[in-house]
Amino acid sequence: MRKVLYPGSFDPLTKGHMNIIEQCKKLFDEIIISVGFNPNKKDFFFSKDERMQIINEVYKNDKQVKVISYTGASADAAMENNCIAIVRGIRSLTDFDVETQMATINKEISKNRINTICLFADIEYQFVSSTMVKEVFGLNKDILKYVDEVVYKKMLAKRSAKLSNKKNT
Ligand code: ADP
């Protein structure tokens with residue numbers, strides 16, 4: 001069985017991520033989505049548990065997709081889960097620079113066992129990012145072009161919960 005690890009923050013899962021996952025499904029038997037914490041990103045909209053729960057709900061009928069939580073190096077997560085590679089998505093030259101460094105580190109950590117495969121989202125999703133989705137949502141504009149309905153509903157619920165928490169403090 002050919003398994004691949006797709007690590008990321010997924011705050012929230014977007015149609016850009018989903019497009020990469022669809023491409024992976026044609027190349028691998030199983031895709032393990034590893035939901036983590038990116039120290040370069042501070043203001044998380046959803047907790048890690050919530051982000052995992054959302055992905056699990058979106059892919060509840062898809063036997064090829066599994067979700068895990070991981071805090072360490074992606075190379076270690078890949079080896080522990082018997083994955084043959086890590087997959088990452090590329091949108092820009094900035095992504096490319098970051099991914100080149102990460103791929104090199106992960107290769108070193110795994111003593112050349114884990115390589116990184118970079119995929120490109122289809123053109124309509126190439127500019128979609130979790131950050132952009134949160135910004136557009138904050139402006140009360142339609143985000144259903146960029147996220148699954150499950151994600152949109154969870155974002156609405158989270159916003160209401162945050163607002164009522166604020167009112168009560
Ligand atoms: P991280 O915080 O690790 O960058 P993200 O959730 O932002 O996590 O992204 C996870 C992976 O998905 C990264 O490789 C990122 O480049 C890729 N990705 C995100 N959105 C897109 C998109 N629209 N097209 C292609 N790749 C994407």
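Read the numbers this way: they start at 1 and go in the same order the structure lists the ligands and their atoms.
For the pair Ser130 (side chain) and Pro12 (backbone), a donor-acceptor distance under 3.5 Å is present. A distance-only check finds no donor-acceptor pair linking the side chain of Asp29 to the backbone of Lys3 [under 3.5 Å]. The closest donor-acceptor contact from the side chain of Gln126 to the backbone of Ala121 lies under 3.5 Å. Without hydrogens or angle criteria, Arg88 side chain to Met102 main chain gives no donor-acceptor distance under 3.5 Å. Between the Lys134 side chain and the Asp11 main chain, a donor and an acceptor come within less than 3.5 Å of each other.
For Leu119, no heavy-atom contact with ligand 1 is shorter than 4.0 Å.
Geometrically, Lys162 engages Phe45 in a cation-pi contact, judged by NZ or CZ lying under 6.0 Å from the ring centre and within 45° of the ring axis.
Polar contact check, Val128 against ligand 1: a nitrogen or oxygen pair lies under 3.5 Å apart.
The nearest heavy-atom contact from the protein to atom 3 (O) of ligand 1 is Arg88 NH1, 3.1 Å. For atom 24 (N) of ligand 1, the closest heavy atom belonging to the protein is Ala121 CB, 3.1 Å. When hydrogens are left out, the protein atom nearest atom 7 (O) of ligand 1 is Lys41 NZ, 2.9 Å; that is the closest non-hydrogen contact. The nearest heavy-atom contact from the protein to atom 8 (O) of ligand 1 is Ser9 N, 2.9 Å.
Residue Tyr6 places a heavy atom under 4.0 Å from ligand 1. Residue-ligand proximity: Glu99 is placed with a non-hydrogen atom under 4.0 Å from ligand 1.
Interface atoms of ligand 1 facing Gly89, defined by a heavy-atom separation under 4.0 Å, are 14 (O), 15 (C), 16 (O), 17 (C), 26 (N). Near Tyr125, with a cut-off below 4.0 Å to any heavy atom, the atoms of ligand 1 are 22 (C), 23 (N), 24 (N). Listed by atom number, the atoms of ligand 1 under 4.0 Å from Phe10 heavy atoms are 6 (O). Atom numbering of ligand 1 starts at 1 in the shown order; those under 4.0 Å from a heavy atom of Gly8 are 3 (O), 8 (O), 10 (C). Distances below 4.0 Å separate heavy atoms of Gly16 from the following atoms of ligand 1: 22 (C), 23 (N).
Between the side chains of Gln101 and Asp97, no donor-acceptor pair of N or O atoms lies under 3.5 Å.
To the nearest 0.5 Å, atom CD1 of residue Ile117 and atom SG of residue Cys24 are 8.0 Å apart.
Nearest heavy-atom pair, Asn19 versus Phe120, reported as atom, atom and distance to 0.1 Å: OD1-O, 4.4 Å.
Taking all heavy atoms of His17, Lys15, Arg51, Arg91 into account, the minimum distance to atom 5 (P) of ligand 1 is reached by His17.
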